[in-house]
Amino acid sequence: MGRYDTAMETAALGEASTSAAMFFQLGMMYSTGSTMEPDYVSAHKWFNLAAMSGDKEAIRLRREIATLMTEAEIAAAQRAARAWLGR
């Protein structure tokens, strides 16, 4: 199961409005492990949100990461994205 570090995510989003670019940046952060160990569930969540905002590269990377995940992990990432939208 992925980590949902809302403090770090909030800091990364800052005061800027949420956008595909910000979601993509968070997806990259979690997928590459630039500041922590890679977390594919969280990466998939953020790439999914970026994809829904129209980011074509996020669509490709979400698909790529999904090949490294179990069905349960993908489902968890999708639930997390829906939950984030419902905040």
Side-chain angles (χ1 to χ4, degrees):
M1 181 78 75
R3 295 180 309 265
Y4 302 110
D5 186 353
T6 55
M8 183 176 359
E9 291 166 357
T10 302
L13 288 171
E15 295 298 318
S17 64
T18 56
S19 68
M22 292 304 297
F23 296 146
F24 184 85
Q25 181 180 1
L26 284 164
M28 289 301 296
M29 183 178 74
Y30 280 106
S31 67
T32 62
S34 61
T35 59
M36 80 286 291
E37 289 196 34
D39 178 347
Y40 296 137
V41 172
S42 292
H44 189 285
K45 166 189 152 182
W46 291 114
F47 285 141
N48 195 28
L49 291 166
M52 290 190 307
S53 298
D55 189 308
K56 292 184 187 337
E57 183 69 2
I59 294 169
R60 184 185 72 76
L61 291 172
R62 177 188 61 194
R63 205 174 295 138
E64 185 177 308
I65 284 176
T67 66
L68 305 172
M69 300 169 68
T70 65
E71 288 184 28
E73 289 171 326
I74 293 168
Q78 291 170 337
R79 282 191 304 275
R82 283 192 300 274
W84 194 92
L85 287 171
R87 319 204 280 166

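Starting from 1, each residue takes its place in the sequence as its number.
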(message) Restricting to non-hydrogen atoms, name the atom on Asp55 and the atom on Ala20 that form the minimum distance, rounded to 0.1 Å.
(response) CB-CB, 4.1 Å
(request) Determine whether Met22 and Gln25 make a side-chain contact, defined as any pair of heavy atoms from C-beta on separated by less than 4.5 Å. (result) yes
(message) Holding to ring pair (Phe, Tyr, Trp, His ring centres under 6.0 Å), I want the full list of residues that pass it with Phe24, two or more places apart in sequence or in another chain.
(response) Phe47
(request) Carefully, step by step, assess Met36 and Tyr30 under the rule side-chain contact (heavy atoms from CB on, under 4.5 Å). (result) CA-CA 7 Å; Met36 80 286 291; Tyr30 280 106; 4.0 Å; yes
(message) I need the Ile65 CD1 to Arg60 CZ distance, nearest 0.5 Å.
(response) 10.0 Å
(message) Working to the nearest 0.5 angstrom, can you tell me the gap between Leu26 CG and Trp84 CH2?
(response) 9.0 Å
(message) Quick one: does any side-chain atom of Ser53 pair with a main-chain N or O of Leu49 as donor and acceptor, under 3.5 Å?
(response) yes
(message) Do Ile59 and Met69 land in one hydrophobic cluster if side-chain heavy atoms of ILVMFWY residues count as linked below 4.5 Å?
(response) no
(request) Grab the two heavy atoms, one from Ala77 and one from Val41, that are nearest each other, plus how far apart they are. (result) CB-O, 3.4 Å
(request) Provide the closest heavy-atom pair for Ala50 versus Ala58 in the form atom of the first, atom of the second, distance. (result) CB-CB, 3.5 Å
(request) Compare every heavy atom of Leu68 with every heavy atom of Glu73, then report the nearest pair and how far apart it is. (result) OE1-O, 4.3 Å
(message) Please report the interatomic distance CZ(Arg62) to CE(Met52), rounded to the nearest 0.5 Å.
(response) 8.5 Å
(message) Would you say that Phe23 contacts Lys45 through its side chain, given a criterion of any heavy-atom pair below 4.5 Å between the two side chains?
(response) no
(message) So, taking the atom named OH in Tyr40 and the one named OG1 in Thr67, what distance separates them when rounded to the nearest 0.5 Å?
(response) 9.0 Å
